[in-house]
Amino acid sequence: MSVVQVPPVAGRREWAGLAVLVAACVFVSMDISVLFYAVPALSQDLAPSSTQVLWILDVYGFLLAGLLITMGVLGDRFGRRRMLMAGAALFGSASAAAAYSGSPGILIVCRALMGVGAAMLAPSTLALISTMFRDRTQRRTAIGLWSAAFAAGSVLGPVLGGILLGHFWWGSVLLVNLAVAVLLLGAGPVLLPEAKDPAAGRTDLLSVALSTAAVLLVVYGAKLTALDGVGLAGPAACLLGAAAATAFVVRQLRLTHPLIDIALFRSRAFSTGILANGIIQFALMGLTLLAASYLQNILGLTALAAALWMVPSVAGVLAGLTLAGRLALRLRPGTVVGLGLATAAAGCLTASAAGEGLGRLVAGATLTGIGVGAVALLATDIVLAAAPPERAGAASAVAETSTELGAALGIASLGTMSAVLFSARLPDEIPAASTLTEALHEAQFHGAAVTAAVRGAFTSGLQLTLLTAALLLLGAATAAFFVLRNVRLGETENSEADQLT
């Protein structure tokens, strides 16, 4: 007669440890977007070029996305808590250096180091949750809070940044990261267990190089193509990235101890969860970036006022998480994820009518937040349920890579698409290469009509960009409904994960 083993129930120490991990997730996610409202003050202080501004905003997310898989696997081998502590130390010290940067170049380097530190600590947060919470119900609650931290952090970043900018200098939005570094370094060794994969083999350095190169080259190529048009350098970087990705996959299939178990992607639930995480963050970050520019430059709001108008979008994320948790008890995951993506599409469509009133933008951002919360909860739960426990670090790294890569690409691609459309619609009196801030400054010397034309050009670019995001989300919603139509979360956890072990 077989004995059914009941997973141990988490106690106070585990829940306190979860609070520490959630705080870390909020700050890691927040730093992708925390500088959105700081651009005017930062530009006045450091005088960066338009290209340097984009790198200041993007390089953190690019390095974070590019290194997550590598750091997740290294955490599996050398210890997830150890990797978390090392990442916290680098993240905090780089943030302090960035806050006091004296030039755009130094700030870009510091932001890059912040991305490396965040990549070291981020995969360990979700991997440690899977170790600390073995009871399925408790783990789902813990994952829900983790998802809330990452999803809310991405929209909370601009809000916190705007509030701080209302009272302090632009570096203050980065200096707050010292708080989470101190928290992790102080409480982590006491509250968090050490965990690693006992069967982990040697780390394949070539796989590390290929995975990092694939992500960074594709992102860089997409960014370069969007900025400079379809020339040679951008597509060439994308092709090199695709070649690196292909070589990476082929190598993983041949290795005894691969960096990433490609077999995970045979699970429809796993793959769809990964894609849903990426596309929802892609749209969210694009919308958040454009909203920051619209509120400050077109409506003339202060950073603090603009941030406060985005508070409902944070509430939307929390509402989406709560709603998804309840719907998951009655509906299949494909239905909930599909509804979340469709809601976000409706949000982008609503926000695209920002020119008709501030209420449209706020309502659209809030709807998008609801969709983000719903997708983040279910997609993450699906991904972890489909992966064996000993590969939790690698699986969570893949999930977070899709999230952070989607966010970085959303900032780079949608932000740049809007800039290109804006530049193409500028009046003849304004140089075509002008940023929005430069164009509005120049327009003051040509009268109200030219100023109105500049604002109209930006609003038109915002509208077309958000319509594009809405179409992408609708396509993803359709795919989620179709691919996951016969999958239940319980079945995913009990069958697919067992088959992959």
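Scope of the values below: all heavy atoms of this structure, side chains included, with no hydrogens, waters or symmetry mates.
- Side-chain contact between Leu18 and Phe133 is present, with heavy atoms from C-beta onward closer than 4.5 Å.
- Partners of Ser418 under the side-chain hydrogen bond (donor to acceptor under 3.5 Å, both in side chains) rule, at least two apart in sequence or in another chain, do not exist in this structure.
- Nearest heavy atoms, Pro312 versus Thr366: CB-OG1, 3.3 Å.
- Within the 3.5 Å criterion, the main-chain N or O of Leu284 finds a donor-acceptor partner in the side chain of Thr288.
- Ring geometry, Tyr294 versus Phe458: the interplanar angle falls under 30°, so the pair is classed parallel (tilted spans 30 to 60°).
- Leu358 contributes atom CG, which lies 5.0 Å from atom CH2 of Trp309 (distance to the nearest 0.5 angstrom).
- Annotation for Ala439 and Leu426: closest pair CB-CD2, 4.2 Å, computed over non-hydrogen atoms.
- Atom CG of residue Leu107 and atom CE of residue Met114 lie 9.0 Å apart, to the nearest 0.5 angstrom.
- A distance of 7.5 Å separates OG1 of Thr368 from CD1 of Ile280, quoted to the nearest 0.5 Å.
- Applying the side-chain hydrogen bond (donor to acceptor under 3.5 Å, both in side chains) rule to Asp31 yields the partners Asn177; only residues at least two apart in sequence or on another chain are considered.
- With values rounded to the nearest 0.5 angstrom, Leu323 atom CG is found 12.5 Å from Leu318 atom CG.
- Residues Leu367 and Leu349 form no side-chain contact, since every pair of their non-hydrogen atoms from C-beta on lies 4.5 Å or further apart.
- Note: Leu290 CG to Leu295 CG = 10.5 Å, rounded to the nearest 0.5 Å.
- Side-chain contact between Ile56 and Val39: absent, with no pair of heavy atoms (C-beta onward) separated by less than 4.5 Å.
- Here the side chain of Arg81 pairs a donor or acceptor atom with the backbone of Leu192 at under 3.5 angstrom.
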- request: I would like to know whether Val317 and Ile370 meet side-chain contact (heavy atoms from CB on, under 4.5 Å); could you show each step before the answer?
  value: CA-CA 5 Å; Val317 171; Ile370 293 173; over 6 Å; no

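- Side-chain atoms of Ser93 come within 3.5 Å of backbone atoms of Leu90 as a donor-acceptor pair (strictly under, hydrogens ignored).
- Taking both residues in full, the closest heavy atoms of Ala119 and Leu67 are given as CB-CB, 3.7 Å, listed atom of the first, atom of the second, then distance.
- The side-chain heavy atoms of Leu440 and Arg455, taken from C-beta on, include a pair separated by under 4.5 Å.
- When side chains are defined from C-beta on, Tyr60 counts as touching Val28, because their heavy atoms get closer than 4.5 Å.
- Using a 4.5 Å cut-off on side-chain heavy atoms (C-beta onward), Thr322 and Arg326 make contact.
- The shortest side-chain heavy-atom distance between Phe481 and Leu339 falls under the 4.5 Å cut-off.
- The distance from atom CZ of Arg425 to atom OG of Ser460, rounded to the nearest 0.5 Å, is 4.0 Å.
- In this structure, Thr343 contributes its side chain and Gly371 its backbone to no donor-acceptor pair below 3.5 Å.
- Nearest heavy-atom pair, Ala24 versus Leu184, reported as atom, atom and distance to 0.1 Å: CB-CD1, 3.7 Å.
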message: Does Leu301 form a side-chain contact (heavy atoms from CB on, under 4.5 Å) with Leu308? I'd like the steps, not just the answer.
response: CA-CA 10 Å; Leu301 300 180; Leu308 293 178; over 6 Å; no

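- Every residue meeting the ring pair (Phe, Tyr, Trp, His ring centres under 6.0 Å) condition with Tyr100, not counting sequence neighbours, appears here in chain and number order: Trp169.
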